[in-house]
Amino acid sequence: MRLFLGVELPTVWREALDRGAAALKKAGVRANFTRRDNYHLTLVFLGETDRTEAAAAALDQVDAPPFALRSASPGCFSKKGGDIWWLGAEPLPGLMAAQRQLEAALREAGFSPERRPYRPHITLARKVRSPAGLEPLTIPGLFPTLETEVNRLTLFSSERVDGVLRYLPLYRAAL
């Protein structure tokens, strides 16, 4: 099973992200856009594992208060075969502390999270092909500033259901 831990986004965020994605499509961007129901903020990606209970137990180890989540500028990761476009999240102290605690709890439980520095973002589209010179930052006002308070963390599975990729919540832990 493919697992990751993260933050479920409120409806107002998912709607704003969907509007931004629609604007990108209208501007001629072709990509595998994230489905509205799948928008989330990943804290730690685990990949293929059958250790669901251990991942949930690590989630319960996080001893952090609810924290603010605020959107930041859009950006992209350059990838061979098509870029990944995303909306950033500000690396506010509460978010970063919860992420570090979760990563430490997972390492203690025997998982091997990625070693690269954590960069909070919400994936908008993969395998992006865009008109020359167009990137997320070149479209002013593409996304409004979004804010919310996060009061729980979620263990997700990534599964194909009826041929559609879905990120399914498996376990939620309150902060």
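Leu69 and Leu92 fall into different hydrophobic clusters, where Ile, Leu, Val, Met, Phe, Trp and Tyr are joined by side-chain heavy atoms under 4.5 Å apart, directly or via other members.
Between the CG atom in Leu106 and the CZ atom in Phe111 there is a gap of 6.0 Å [rounded to 0.5 Å]. The distance from atom CG of Leu59 to atom CG of Leu43, rounded to the nearest 0.5 Å, is 8.5 Å. Atom CG of Leu46 and atom CE of Met1 lie 12.0 Å apart (nearest 0.5 Å). Between Leu9 atom CG and Leu87 atom CG the span is 9.5 Å, to the nearest 0.5 Å. The distance from atom NE2 of His40 to atom CG of Leu5, rounded to the nearest 0.5 Å, is 10.0 Å.
Only one option out of Phe143, Phe77, Phe33 pairs with Trp86 in a ring pair (Phe, Tyr, Trp, His ring centres under 6.0 Å); it is Phe77.
For the pair Arg100 and Tyr118, the NZ or CZ position fails the cation-pi test of under 6.0 Å to the six-membered ring centre and within 45 degrees of the ring normal.
At most 12 non-hydrogen atoms from other residues, nucleotides or ligands lie less than 6.0 angstrom from CZ of Arg119. Within a 6.0 Å sphere centred on CD of Glu149, other residues, nucleotides and ligands contribute more than 12 heavy atoms. Within a 6.0 Å radius of CZ in Arg129, other residues, nucleotides and ligands contribute more than 12 heavy atoms.
Distance alone, capped at 3.5 Å, places no donor-acceptor pair between the Ser157 side chain and the Arg2 backbone.
Under 4.0 Å is where a charged nitrogen must lie from a carboxylate oxygen, and between Glu159 and Arg166 no such pair does.
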Problem set entry | Worked check of side-chain contact (heavy atoms from CB on, under 4.5 Å) between Cys76 and Val128 | CA-CA 10 Å; Cys76 69; Val128 175; over 6 Å; no

Exercise. How far apart are the C-alpha atoms of Arg36 and Glu15, what are their side-chain angles, what is the distance that settles it, and do they pass the side-chain contact (heavy atoms from CB on, under 4.5 Å) test?
Worked result: CA-CA 7 Å; Arg36 178 188 283 198; Glu15 289 171 348; 3.9 Å; yes

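Ring centroids of Phe156 and Phe4 are separated by less than 6.0 Å, placing the two rings close together. A ring-centre distance under 6.0 Å is not found for Trp13 and Tyr39.
In terms of heavy atoms, Leu175 sits closest to Ala64 at CB-O, 3.4 Å.
Using modelled atom types and a 3.5 Å distance limit, the side chains of Asp60 and Tyr171 yield a donor-acceptor pair.
Inter-residue side-chain proximity for Arg35 and Val164 is flagged as met; some heavy-atom pair is nearer than 4.5 Å.
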